[in-house]
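What you are looking at is a predicted structure, and each value in this text was computed from that prediction instead of being measured.
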Amino acid sequence: MSRSFPLARIRNIGIIAHIDAGKTTVTERILYYTGRTYKLGDVDSGTAVMDWMEQERERGITITAAATTCYWQDHRINIIDTPGHVDFTAEVERSLRVLDGGVVVFDGVAGVEAQSETVWRQANRYRVPRICFINKMDRVGANFRRTLDMIEQRLKAKPLPVQLPLGSGDSYQGIIDLVENKAWYFDGEPDSEPKEIAIPESDEALCAEFRHALIEKLAENDDRILEAYLEGHEITPSQLREALRRVTLANKGVPILCGSALRNKGIQPLLDAIVSYLPSPLDLPPVRAIDAKTGAEVTRPVSDEAPFAALAFKVVADPFVGRLVYFRVYSGRVEVGDQVFNATRGKRERIGRLLLMHANRREEVNEADAGTIVATMGLKNTFTGDTLCDTSQPILLESIRFPEPVLAVSIEPKTRADQDKMIDALQKLTEEDPTFKVSYNEETGQTIISGMGELHLEVIVNRLVSEFGVGARVGKPRVAYKETITVPVQVEGKFVRQTGGHGQYGHVWLQLEPMTRGSGFQFIDAIKGATIPKQYIPAVEQGIKEAMETGVLAGYPVVDIKATLYDGSYHEVDSSEMAFKMAGSIALREGVLKAKPVILEPIMKLEVVTPEQFLGDIIGDLNAKRGHVENIEAQGEMYIIHCLIPLAETFGYATRLRSLTQGRATHSLEFFQYKELPAELTEEITEQAVGKRYG
């Protein structure tokens with residue numbers, strides 16, 4: 001069976017950036033110039049195709065990653081437009097996991113911003129080759145050179161400018177192409193073709209300097225260019241393009257382009273660069289996986305003839321067609337009606353309809369081959385990060401790791417009729433979003449929802465009301481504190497009950513040890529001989545885990561702990577799984593109390609951009625909020641304050657900052673790490689928790 005599209009001409013890319021850098025506008029222009037849409041979408045007026053959710057159109061920001069497909073120069077480009085706000089960082093994480101390349105968009109005035117650094121680190125983690133597009137070159141204050149320097153210094157990247165701006169601010173007209181040594185003028189009209197013009201005399205020296213620097217940088221990383229350079233040969237544009245592609249694919253450099261998406265300038269050359277420099281599925285190494293039967297590492301080549309292997313990276317509760325699962329096919333092919341194996345859950349699934357997505361619109365296809373990103377219906381037991389594969393050759397692909405939620409609110413239905421609707425809606429939303437968690441506090445009888453920040457939870461609550469028709473009352477935001485231990489202890493857990501018939505007997509000895517921040521929980525079975533029969537050991541682990549969920553000091557989850565089960569005893573008649581589960585739970589609770597427990601609080605990275613006149617007031621305010629200012633950086637007339645601050649001190653900070661600076665400063669927050677809470681605050685929080693429990 002022939003392929004639907006040649007692999008070498010497929011590009012799976014993501015558009016990633018800080019909020020307000022212009023990602024969605026860039027994507028809208030790409031769709032227009034590739035003929036995918038016939039009207040220019042606009043974020044501010046709420047007509048952007050890719051921002052299709054009601055919430056996105058109201059707020060003018062991207063909340064959920066939207067997928068689409070378009071064609072340019074006989075290449076198929078599958079695009080995922082990702083959110084820029086840090087509260088929705090999970091959308092970027094899962095998109096980068098399945099993409100081959102990325103276009104990173106920067107604001108030409110602001111340069112490298114806080115979330116730009118976050119998405120860059122995420123792309124580094126998945127080794128995603130990328131190109132950069134410096135947007136908004138038509139705005140007053142846009143500075144191409146400063147943005148280049150920031151990419152080099154703050155992102156530790158090797159920028160390779162392949163274009164220079166032709167003018168800047170109000171006089172911005174187009175680009176100088178350093179590869180072809182040509183200048184292109186854009187008049188800003190959407191349907192006008194770029195016009196080739198002579199490089200202005202005033203820019204000739206700068207152009208020669210940058211082109212020479214580009215060749216030198218390529219020579220450092222590419223043997224073919226180095227050879228031609230040393231032998232004094234003229235390096236042709238096609239040689240330059242080929243070298244740029246090799247260096248980009250090897251993650252040794254990043255081509256830099258520029259333009260103004262809103263003014264329709266520089267988009268066609270960006271599309272050319274996507275085709276020229278970003279990888280096809282064939283350019284990447286075979287995907288690595290674990291054989292589900294043997295545990296050995298295996299690979300799957302990018303081929304339709306190889307066994308089927310795909311990764312589910314997104315689940316959506318679509319109001320019109322039901323539950324949609326997005327997946328990326330790494331090898332093999334799958335057709336409508338085929339049976340596949342979910343190796344993560346150990347369950348067989350049948351592929352329903354296959355859909356190529358264009359934001360929230362769909363195009364039905366009969367099959368999906370290697371390198372394709374599609375959505376399907378009918379997968380009831382498949383979730384984000386699950387591996388779908390050939391039933392006869394089960395493998396596990398690397399899953400996706402998501403950050404833990406840091407903020408929680410209580411939520412309750414307004415009426416009894418809302419109760420069932422709320423349970424169903426919350427289940428659908430947790431399936432969609434791995435950073436959204438729902439728990440039930442038995443002591444207070446409250447449902448608690450947790451997320452990545454105030455905006456994240458606000459959007460969730462709005463969706464409950466508008467999409468799912470749930471009436472709900474929401475409590476005040478609460479910080480997601482954690483508990484941990486600071487010294488190792490050995491502790492005994494004993495559960496003995498005597499009743500008329502069989503009794504209950506479980507007895508364990510545990511060694512509890514603190515682990516490094518962020519390492520989670522580790523259970524080690526160190527039982528020698530048969531002091532505890534093997535069948536009871538999983539129950540001990542389960543008991544420990546359950547006790548960790550509700551904590552000991554103030555009811556917060558216990559984290560970063562290693563529990564070693566090294567001794568115990570059992571009774572031939574009275575021992576049971578339930579008794580050993582209780583013994584594990586008792587040992588954990590008593591052990592934590594003995595191991596000098598502490599409460600951990602989430603610390604956020606705060607970045608404030610402000611005019612100089614408000615610098616002192618802002619720093620004084622941050623110090624009063626237990627903030628630790630790391631450094632202050634000048635950027636033109638503005639100053640950037642980099643600070644670490646406890647999440648508990650950031651509620652309502654946007655309003656506070658507006659009043660301090662007459663609305664002239666901006667800020668961004670992102671999670672940094674968990675850190676020990678000061679002793680006086682620990683006592684206060686513990687007392688509050690005890691009061692809630694017994695008050």
Side-chain angles (χ1 to χ4, degrees), residues 290-297 343-347 385 394 396 398-399 401 404 439 442 482-553 555-598 600 674:
I290 300 295
D291 189 306
K293 291 176 182 171
T294 65
E297 187 176 286
T344 311
R345 313 270 161 191
K347 296 191 172 178
L396 282 164
E398 183 194 348
S399 192
R401 288 191 296 277
E404 283 294 310
S439 59
E442 289 184 7
K482 310 272 189 197
E483 298 178 13
T484 194
I485 60 175
T486 55
V487 295
V489 292
Q490 292 183 330
V491 65
E492 181 183 29
K494 205 167 194 178
F495 182 72
V496 182
R497 290 281 185 279
Q498 288 304 326
T499 54
H502 278 313
Q504 294 286 354
Y505 183 92
H507 175 220
V508 299
W509 276 96
L510 294 180
Q511 163 101 8
L512 299 180
E513 298 166 77
M515 292 169 70
T516 54
R517 293 280 173 273
S519 41
F521 169 65
Q522 190 180 354
F523 176 77
I524 293 174
D525 170 15
I527 292 291
K528 290 187 172 63
T531 50
I532 298 177
K534 287 280 181 206
Q535 70 263 31
Y536 298 138
I537 287 169
V540 177
E541 183 180 359
Q542 189 61 35
I544 294 169
K545 281 182 176 173
E546 283 185 13
M548 285 173 68
E549 281 173 19
T550 50
V552 177
L553 267 184
Y556 295 108
V558 178
V559 294
D560 304 337
I561 196 168
K562 179 160 93 173
T564 305
L565 173 64
Y566 67 92
D567 203 0
S569 62
Y570 74 104
H571 188 281
E572 286 191 0
V573 177
D574 292 349
S575 283
S576 67
E577 285 186 11
M578 196 275 279
F580 273 99
K581 184 174 166 184
M582 292 300 295
S585 188
I586 291 163
L588 187 280
R589 287 180 175 281
E590 290 185 6
V592 168
L593 285 172
K594 287 179 184 174
K596 296 187 179 172
V598 293
L600 302 173
Y674 270 91

A.B. asks: Please report the interatomic distance CZ(F580) to CG(L565), rounded to the nearest 0.5 Å.
C.D. replies: 8.5 Å

A.B. asks: Output every pair passing side chain to side chain donor-acceptor pair (under 3.5 Å) with a member in residues 559-568, not counting sequence neighbours, ordered by first then second residue.
C.D. replies: none

A.B. asks: Would you name the heavy atoms of Q504 and A579 that are closest together and state the gap between them?
C.D. replies: OE1-CB, 3.5 Å

A.B. asks: Kindly list each side-chain donor-acceptor pair under 3.5 angstrom involving residues 515-524, sequence neighbours excluded, with atom names and distances?
C.D. replies:
| unit_1 | atom_1 | unit_2 | atom_2 | d |
| --- | --- | --- | --- | --- |
| T516 | OG1 | S519 | OG | 3.4 |
| S519 | OG | T516 | N | 3.4 |
| S519 | OG | T516 | O | 2.3 |

A.B. asks: Does L510 reach the side chain of I544, with side-chain heavy atoms less than 4.5 Å apart?
C.D. replies: yes

A.B. asks: To the nearest 0.5 angstrom, please state how far the CZ atom of R497 sits from the OG atom of S576.
C.D. replies: 11.5 Å

A.B. asks: Just distance, no hydrogens or angles: give the donor-acceptor pairs under 3.5 Å from side chains in residues 582-594, sequence neighbours left out.
C.D. replies:
| unit_1 | atom_1 | unit_2 | atom_2 | d |
| --- | --- | --- | --- | --- |
| R589 | NH1 | G551 | O | 3.1 |
| R589 | NH2 | T550 | OG1 | 2.8 |

A.B. asks: What residue pairs, at least two apart or across chains, pass salt bridge (charged side-chain N to carboxylate O under 4.0 Å, His left out) with a residue in residues 532-542?
C.D. replies: D525-K534, E541-K545

A.B. asks: Sequence neighbours excluded, which residues qualify as salt bridge (Lys or Arg N to Asp or Glu O under 4.0 Å) partners of E546?
C.D. replies: K581

A.B. asks: Does a sphere of radius 6.0 Å around CD in E572 hold more than 12 heavy atoms from other residues, nucleotides or ligands, not counting ones at 6.0 Å or beyond?
C.D. replies: no

A.B. asks: Provide the closest heavy-atom pair for I485 versus E513 in the form atom of the first, atom of the second, distance.
C.D. replies: CD1-C, 3.7 Å

A.B. asks: Work out which heavy atom in K596 is nearest to a heavy atom in T486; give both atom names and the distance.
C.D. replies: O-OG1, 2.7 Å

A.B. asks: Show the nearest heavy-atom pair for residues G385 and S399, with the distance to one decimal.
C.D. replies: O-OG, 3.2 Å

A.B. asks: Among residues at least two apart in sequence or on other chains, which ones pass side-chain hydrogen bond (donor to acceptor under 3.5 Å, both in side chains) with S569?
C.D. replies: Y505, H507

